[in-house]
Amino acid sequence: MPYNEQTVQRIREFFLDKNPGFIEKKMFSGICFMVDGKMCCGTHVDKKTGIDRLMCRIGDAVYESSLEKNHVVPMEFTGKPMKGYIYVEEEGFKTKQGLEYWLQLCLDFNPLAKASKK
């Protein structure tokens, strides 16, 4: 399984409650949540470790301080970290409060994010 359906449902419920107008899209071996046509957050299971991860697009302003938190690692695909993107491992979003913290950071950054080229 490339992603944890329970995690997807928890993210979905957060977005339904906040009502930012979102769509779900299969990306990065998981599900990505798009807000205003821009990647906001997503989830997948790490193929090497089997750990459920939350992908967060949080921007440069809080990137470094977020990396100092437990269960947070840089997001990287090609061996090079993607600035402004992090992974939060399942221990970091196990509680409702933990998940909402990270998702709210993503929503707060979304208006500042640039849409990808089509």
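Tracing side-chain contacts under 4.5 Å through hydrophobic residues (I, L, V, M, F, W, Y), one never reaches Met34 starting from Leu112; they form parts of separate clusters. Side-chain heavy atoms closer than 4.5 Å link hydrophobic residues (I, L, V, M, F, W, Y) into clusters, and following such links, even through other members, never connects Ile51 to Leu99. Trp102 and Val8 fall within a single hydrophobic cluster, where Ile, Leu, Val, Met, Phe, Trp and Tyr side chains are chained together by heavy-atom contacts under 4.5 Å. Placement of Phe109 and Phe33 in two distinct hydrophobic clusters is found when ILVMFWY residues are connected by side-chain heavy-atom separations under 4.5 Å, directly or transitively.
No side-chain heavy atom of Ile31 sits less than 4.5 Å from a side-chain heavy atom of Thr7. Here the side chains of Ile86 and Pro74 are not in contact, with every heavy-atom distance at 4.5 Å or above. When side chains are defined from C-beta on, Phe93 does not count as touching Leu103, because their heavy atoms never get closer than 4.5 Å.
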Where do Phe14 and Gln104 land on the side-chain contact (heavy atoms from CB on, under 4.5 Å) test, with the steps shown first? CA-CA 9 Å; Phe14 173 85; Gln104 191 61 55; 3.8 Å; yes
If you apply the rule side-chain contact (heavy atoms from CB on, under 4.5 Å), what do you find for Cys56 with Leu105, and how did you get there? CA-CA 8 Å; Cys56 299; Leu105 276 182; over 6 Å; no
Can you check side-chain contact (heavy atoms from CB on, under 4.5 Å) on Lys38 and Lys114, steps first, answer last? CA-CA 7 Å; Lys38 299 176 275 190; Lys114 292 183 181 176; 5.9 Å; no
Full working for side-chain contact (heavy atoms from CB on, under 4.5 Å) between Arg57 and Met75: CA-CA 9 Å; Arg57 185 178 189 187; Met75 180 177 158; over 6 Å; no
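We find the CZ-NZ distance between Arg10 and Lys96 to be 9.5 Å, quoted to the nearest 0.5 Å. Atoms CD and CD1, on Glu24 and Ile11 in that order, are 9.0 Å from each other to the nearest 0.5 Å.
Of all heavy-atom pairs spanning Tyr87 and Glu76, the tightest one is CE1-N, 4.2 Å. Closest heavy-atom contact between Tyr85 and Met55: CD2-SD, 3.8 Å. Here the shortest heavy-atom pairing between Met39 and Cys32 reads CG-SG, 3.1 Å. Across every non-hydrogen atom of Pro20 and Phe15, the tightest pair is CD-O, 3.1 Å. Minimum interatomic distance between Gly98 and Thr95 (heavy atoms only, all atoms of both residues): N-OG1, 2.9 Å. Across every non-hydrogen atom of Cys40 and Asn110, the tightest pair is CB-ND2, 4.0 Å.
Salt bridge annotation for Lys83-Glu64: present, with a cationic side-chain nitrogen under 4.0 angstrom from a carboxylate oxygen. Salt bridge present: Lys94 and Glu91 bring a charged side-chain N and a carboxylate O closer than 4.0 Å.
With 3.5 Å as the limit, one finds no donor-acceptor pair spanning the side chains of Glu5 and Gln9.
Using a distance-only test at 3.5 Å, with no hydrogens or angles considered, a donor-acceptor pair links the side chain of Asn4 to the main chain of Gln6. At distances below 3.5 Å, not a single donor-acceptor pair connects side-chain atoms of Thr43 with backbone N or O atoms of Leu54.
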